[in-house]
Amino acid sequence: LSQGGQEPFTAVSLMSPTSASRMASAPSCCFPAAHSRPCARPGFPRTLGQAQALDGICQLDLVISLNIPFETLKDRLSARWVHPASGRVYNMDFNPPQSQGVDDLTGEPLVQRDEDRPEAVAARLRKYKDAAKPVIELYKSRGILHSFSGTETNKIWPYVYSLLSSRIPPILSEEEH
């Protein structure tokens, strides 16, 4: 991992479009269901063990990998500040509070969690990269990995959306059935 941002950092998300009739979209994980939808789990699985366990639950058809420079991730994650009482999260770069260092609703001070300090974020990202590398290789070897690179959501999303739109049939409401 290059700390200079030269080598992209990869985050993995997964999707199971052809398993739409068997897979549920649930907040915590994928479970078989008779009338369910494709399942998306951003950032999961993070380890090879989790990927192997997931194989016992569902068969993945599509995995999305976002290659984002290390420095970009470190800077964004390090810019997080929270209001401890409510859990509201602010990002000093793209969602700052109205007044520097204070919560918009209560006026109480914001804090930066230890895990959001630059050195902690860098260590967490290095650990993640080491653990995720075999997961990425697994899905690459299966031919289901689709990678996208960039630093801005609005520039990456159209490509991700195009891929998903071409692979996942529209989900109809109960009235449309």
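Treat the numbers as computed from the prediction; the structure is a model and nothing was measured.
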Measuring from atom OG1 of Thr151 to atom CG of Leu66, what distance do you get when rounded to the nearest 0.5 angstrom? 12.0 Å
Over all heavy atoms of both residues, which pair between Ile156 and Ser149 is shortest? Give the atoms and the distance, please. CG1-O, 3.8 Å
Indicate the atoms forming the closest heavy-atom contact of Gly150 with Pro69, along with that distance. O-CD, 3.6 Å
In the structure I gave you, are the side-chain heavy atoms of Leu62 and Leu164 within less than 4.5 Å of one another anywhere? yes
State which residues pass ring-ring contact (aromatic ring centres under 6.0 Å, His included) with Phe94; sequence neighbours excluded, sorted by chain then number. none
Do Arg167 and His146 pass the side chain to side chain contact (heavy atoms under 4.5 Å, CB included) test, and can you show the C-alpha distance, the side-chain angles, and the key distance before you say yes or no? CA-CA 12 Å; Arg167 300 284 300 270; His146 298 266; 3.4 Å; yes
Donor-acceptor list for residues 97-104 side chains, cut-off 3.5 Å, not counting sequence neighbours:
unit_1, atom_1, unit_2, atom_2, d
Asp103, OD1, Arg88, NE, 2.9
Asp103, OD1, Tyr90, OH, 2.6
Asp103, OD2, Arg88, NH2, 2.7
Asp103, OD2, Leu105, N, 3.3
Asp103, OD2, Thr106, N, 2.9
Asp103, OD2, Thr106, OG1, 3.0
Asp104, OD1, Gln98, N, 2.6

Between Trp157 and Tyr159, is there shared hydrophobic-cluster membership here, with clusters defined by ILVMFWY side-chain heavy atoms closer than 4.5 Å? yes
Measure from the side-chain N and O atoms of Asn91 to the backbone N and O of Arg76, and report whether any donor-acceptor pair falls under 3.5 Å. yes
Distance from Leu138 atom CG to Leu54 atom CG, nearest 0.5 Å? 10.0 Å
Report yes or no: do Ile68 and Ile64 belong to one cluster of Ile/Leu/Val/Met/Phe/Trp/Tyr joined by side chain heavy-atom distances under 4.5 Å? yes
With the side chain counted from C-beta on, respond yes when Leu77 and Leu125 share a heavy-atom pair under 4.5 Å apart, and no when they do not. yes
For a 4.5 angstrom cut-off between non-hydrogen side-chain atoms, does Arg80 reach Leu110? no
CD (Glu119) and OG (Ser78) are apart, to the nearest 0.5 Å, by 8.0 Å
Going only through I, L, V, M, F, W and Y residues with side-chain contacts under 4.5 Å, is there a path from Leu73 to Val160? yes
What is the distance from atom OG of Ser141 to atom CD1 of Ile136, rounded to the nearest 0.5 Å? 12.0 Å
Determine whether a donor-acceptor pair (N or O, by modelled atom type, separation under 3.5 Å) exists between the side chain of Arg113 and the backbone of Val82. no
With Asp130 via side chain to side chain donor-acceptor pair (under 3.5 Å) - residues at least two apart: none
From Arg124 CZ over to Glu115 CD, what is the distance, rounded to the nearest 0.5 angstrom? 6.0 Å
Looking at every non-hydrogen atom in both residues, tell me the closest pair between Trp81 and Val111 and how far apart they are. CE3-C, 3.3 Å
CZ on Phe44 to CD on Gln50, rounded to 0.5 Å: 4.5 Å
